[in-house]
Novice: 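Starting off with a structure, shown below.
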Amino acid sequence: MKPTLCCTTLFTLALLLTTSLQAHPSHTHDDEPQQLAQADRPFNNQRSTNRPPRHMEPVELPEPIISITIEGDTRVIRANGLPNHQTGDFPNNGNPNAIRPQNHEFRLPLNPTISDEPTSARPQFGVALNGVIFDAGTAEFWTPTRDRAFGGRSPWNYEALTGGINLGLDQNNAHVQPTGKYHYHGIPTGLIQTIAGEQDTHRVMHLGWALDGFPIYGPWGYDDPMVPNSELRQLKSSYQLKQGHRPASPQGPGGPYDGTFGLDFEYVPNLGDLDECNGRFGVTPEFPNGTYYYVITQDFPSIPRMWRGQPPRRSPRGFGPPR
């Protein structure tokens with residue numbers, strides 16, 4: 001069965017021509033606080049209990065479905081959240097969950113505007129052109145009573161990509177929530193390869209849309225953001241590791257700032273190519289007159305943690321499996 005498709009650009013059409021997907025097993029955590037009731041139990045070396053997480057069974061998956069349409073002043077994205085590329089094996093040692101179809105619907109402003117101040121973006125930052133979610137941050141936190149707790153009860157949020165904990169990420173920097181939602185935490189390697197096809201992946205590449213309506217690119221960009229024939233290079237964020245040590249318990253987990261937690265990093269204006277939202281103004285193939293756009297970078301924060309535009313007034317509908 002071919003993927004159902006109704007998109008506004010030939011670019012997205014090309015993305016979805018190669019949609020081979022295998023059912024794979026998955027991982028042990030949940031990034032959405034509203035889903036934490038059953039997932040809020042320790043595992044690995046957590047202190048409270050030695051009970052192992054319950055593994056989901058893999059199932060045969062349908063084909064990916066993605067629809068991107070314009071309705072008045074709104075860009076509407078509907079998808080079943082299944083990637084159009086190979087994934088890792090789920091469940092795995094870091095993740096007990098298996099991929100399941102979702103019921104995503106996002107309504108984004110067609111002409112987004114810049115807000116006076118950035119807004120924190122979590123857990124979902126945006127949606128890829130294939131309908132897979134970009135998640136900002138994780139649901140795992142250090143607290144004074146538990147080395148690894150779920151649900152945001154502390155500012156010490158574990159990072160998905162720096163190796164502080166095993167979240168069962170696959171080769172696409174993605175894993176699966178207890179709802180079966182496959183989602184990206186970093187550069188979506190399989191998506192990039194699918195978009196590029198036989199072409200070089202080292203180019204300015206549109207990957208998706210942030211929930212405030214601005215486009216997402218990465219990781220390559222023009223050296224001069226306003227000159228499309230300037231040199232291409234991987235864009236760098238303006239964040240760096242802090243110096244010294246974290247506060248000890250109960251104020252913090254102690255130890256050196258090594259990237260285990262989001263608070264291990266600090267924003268330094270003009271250190272890299274991007275602002276505190278991991279974005280910049282510039283021209284792109286899809287926006288030759290220029291736009292503000294976000295960049296998914298190799299270095300922290302990878303998936304941006306703040307929206308530059310007006311965030312959604314309420315959570316988009318349909319995070320879970322179809323009912």
Side-chain angles (χ1 to χ4, degrees), residues 3 5 7-21 64 66 68 75 77 79 83-87 108 112 125-136 161 169-174 183-210 212-239 271-275 277-304 308-309:
L5 178 61
C7 298
T8 58
T9 65
L10 291 176
F11 183 81
T12 308
L13 281 167
L15 166 67
L16 295 163
L17 288 177
T18 55
T19 54
S20 59
L21 177 68
I66 176 70
I68 305 177
R75 189 185 317 275
I77 303 175
N84 60 337
H85 54 70
Q86 295 293 317
T87 72
L108 315 178
F125 174 76
V127 56
L129 294 179
N130 61 359
V132 174
I133 304 303
F134 290 113
D135 264 11
L161 302 181
L169 297 172
D170 68 6
Q171 68 273 22
N172 305 301
N173 294 306
H183 59 285
Y184 301 121
H185 277 291
I187 294 175
T189 306
L191 172 64
I192 289 174
Q193 292 172 343
T194 301
I195 294 173
E198 299 298 322
Q199 301 179 37
D200 191 350
T201 59
H202 296 176
R203 57 188 176 90
V204 179
M205 190 176 295
H206 182 204
L207 300 180
W209 301 97
D212 64 359
F214 286 110
I216 302 171
Y217 285 78
W220 292 80
Y222 302 124
D223 184 64
D224 185 330
M226 300 307 295
V227 179
N229 60 354
S230 61
E231 182 181 356
L232 279 172
R233 58 183 175 84
Q234 282 207 49
L235 299 179
K236 299 285 292 180
S237 83
S238 293
Y239 285 84
L271 178 66
D273 304 297
L274 308 172
D275 64 15
C277 300
N278 235 38
R280 68 175 185 173
F281 288 91
V283 296
T284 72
E286 291 75 26
F287 296 91
N289 295 322
T291 184
Y292 182 83
Y293 65 93
Y294 299 101
V295 180
I296 298 179
T297 50
Q298 187 69 49
D299 48 345
F300 180 89
S302 194
I303 306 295
R308 177 61 68 187

Novice: Any sub-3.5 Å donor-acceptor pair from Asp273's side-chain atoms to Lys236's backbone N or O?
Specialist: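 Confirmed, Asp273 side chain pairs with Lys236 backbone.
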
Novice: Hey, does the side chain of Ser302 reach the backbone of Ile296 with a donor-acceptor pair shorter than 3.5 angstrom?
Specialist: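 Side chain of Ser302 to backbone of Ile296: no pair is present.
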
Novice: Which heavy atom in Gly213 sits nearest to a heavy atom in Leu108, and how many Å separate them?
Specialist: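 Looking at all heavy atoms of both residues, the shortest contact is CA-CB, 4.2 Å.
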
Novice: Can you confirm if the aromatic rings of Phe134 and Phe125 lie within a centre distance of less than 6.0 Å?
Specialist: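 No: the rings miss the under 6.0 Å criterion.
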
Novice: Check side chain to side chain contact (heavy atoms under 4.5 Å, CB included) between Gln234 and all other residues, then give those that pass, not counting sequence neighbours.
Specialist: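 If we apply the side chain to side chain contact (heavy atoms under 4.5 Å, CB included) test to Gln234, skipping adjacent residues, the hits are Pro219, Trp220, Gln298.
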
Novice: Mark yes or no for whether Asp212, through its side chain, and Gly309, through its backbone, hold a donor-acceptor pair below 3.5 Å.
Specialist: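 Yes, the answer is positive, given that a donor and an acceptor are paired below the 3.5 Å cut-off.
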
Novice: Gly279 and Tyr292: which non-hydrogen atoms are nearest, and at how many Å?
Specialist: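 Closest heavy-atom pair between Gly279 and Tyr292: CA-OH, 3.3 Å.
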
Novice: Of Leu271, Thr297, Asp275, which meets side chain to side chain contact (heavy atoms under 4.5 Å, CB included) against Ser238?
Specialist: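 Exactly one candidate clears the test, Leu271.
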
Novice: Check whether any side-chain N or O of His85 sits under 3.5 Å from a backbone N or O of Thr87 as a donor-acceptor pair, and report yes or no.
Specialist: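 Answer holds: no.
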
Novice: Got a second to check how far Ile66's CD1 is from Leu129's CG, nearest 0.5 Å?
Specialist: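 Going from the CD1 atom of Ile66 to the CG atom of Leu129 covers 7.5 Å.
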
Novice: Would you say Thr291's side chain and Tyr293's backbone share a donor-acceptor pair under 3.5 angstrom?
Specialist: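 Not at all, since once roles are kept as given, no pair shorter than 3.5 Å links the two residues.
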
Novice: Do you know which two heavy atoms are closest between His206 and Pro215, and how far apart they sit?
Specialist: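 Scanning both residues, the minimum pair turns out to be NE2-CB, 3.9 Å.
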
Novice: About how many Å separate CZ of Phe281 and CZ of Phe214, when rounded to the nearest 0.5 Å?
Specialist: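 Here the interatomic distance stands at 6.5 Å.
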
Novice: Please find the pair of heavy atoms, one from Pro228 and one from Val283, that lie closest to each other, and give the distance.
Specialist: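 So the two residues come closest at CD-CG2, 3.8 Å.
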
Novice: If I compare all heavy atoms of Ser237 with all of Asn278, which pair ends up nearest, and what's the gap?
Specialist: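 Heavy atoms of Ser237 and Asn278 come nearest at CB-OD1, 3.2 Å.
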
Novice: With rounding to the nearest 0.5 Å, note down the distance linking OG1 in Thr201 to CD1 in Ile195.
Specialist: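 Thr201 atom OG1 to Ile195 atom CD1 measures 10.5 Å (nearest 0.5 Å).
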
Novice: Less than 4.5 Å apart, side chain to side chain, heavy atoms only: is that true for Leu235 and Tyr217?
Specialist: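 Leu235 does not reach Tyr217 side chain to side chain.
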
Novice: Locate the shortest heavy-atom distance separating Ala136 from Pro304; write the atom from each residue and the value.
Specialist: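 Residues Ala136 and Pro304, closest heavy atoms: CB-O, 3.3 Å.
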
Novice: I'd like to know if the side chain of Asp135 reaches the main chain of Ile303, judged simply by a donor and an acceptor atom lying under 3.5 Å from each other, with no hydrogens or angles considered.
Specialist: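 Not confirmed, Asp135 side chain does not pair with Ile303 backbone.
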
Novice: Distance-only, no hydrogens or angles: does the Asn173 side chain make a donor-acceptor pair with backbone N or O of Ile187 under 3.5 Å?
Specialist: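 Here the side-chain-to-backbone pair exists.
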
Novice: Looking only at atom types and distance, does a side-chain atom of Thr189 sit under 3.5 Å from a main-chain N or O of Asn172, one as donor and one as acceptor?
Specialist: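 No; judged by distance alone, with no hydrogens or angles, the pair does not exist.
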
Novice: Going by side chain to side chain contact (heavy atoms under 4.5 Å, CB included), name the residues that satisfy it together with Ser230, two or more places apart in sequence or in a different chain.
Specialist: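 Only Tyr222, Asp223, Asp224, Val227 meet the side chain to side chain contact (heavy atoms under 4.5 Å, CB included) criterion with Ser230.
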
Novice: Spell out, as yes or no, whether a donor-acceptor pair under 3.5 Å connects the side chain of Tyr294 to the backbone of Arg308.
Specialist: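 Confirmed, Tyr294 side chain pairs with Arg308 backbone.
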
Novice: By side chain to side chain contact (heavy atoms under 4.5 Å, CB included), which residues pair with Pro225, not counting sequence neighbours?
Specialist: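 Expected list: Arg280.
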
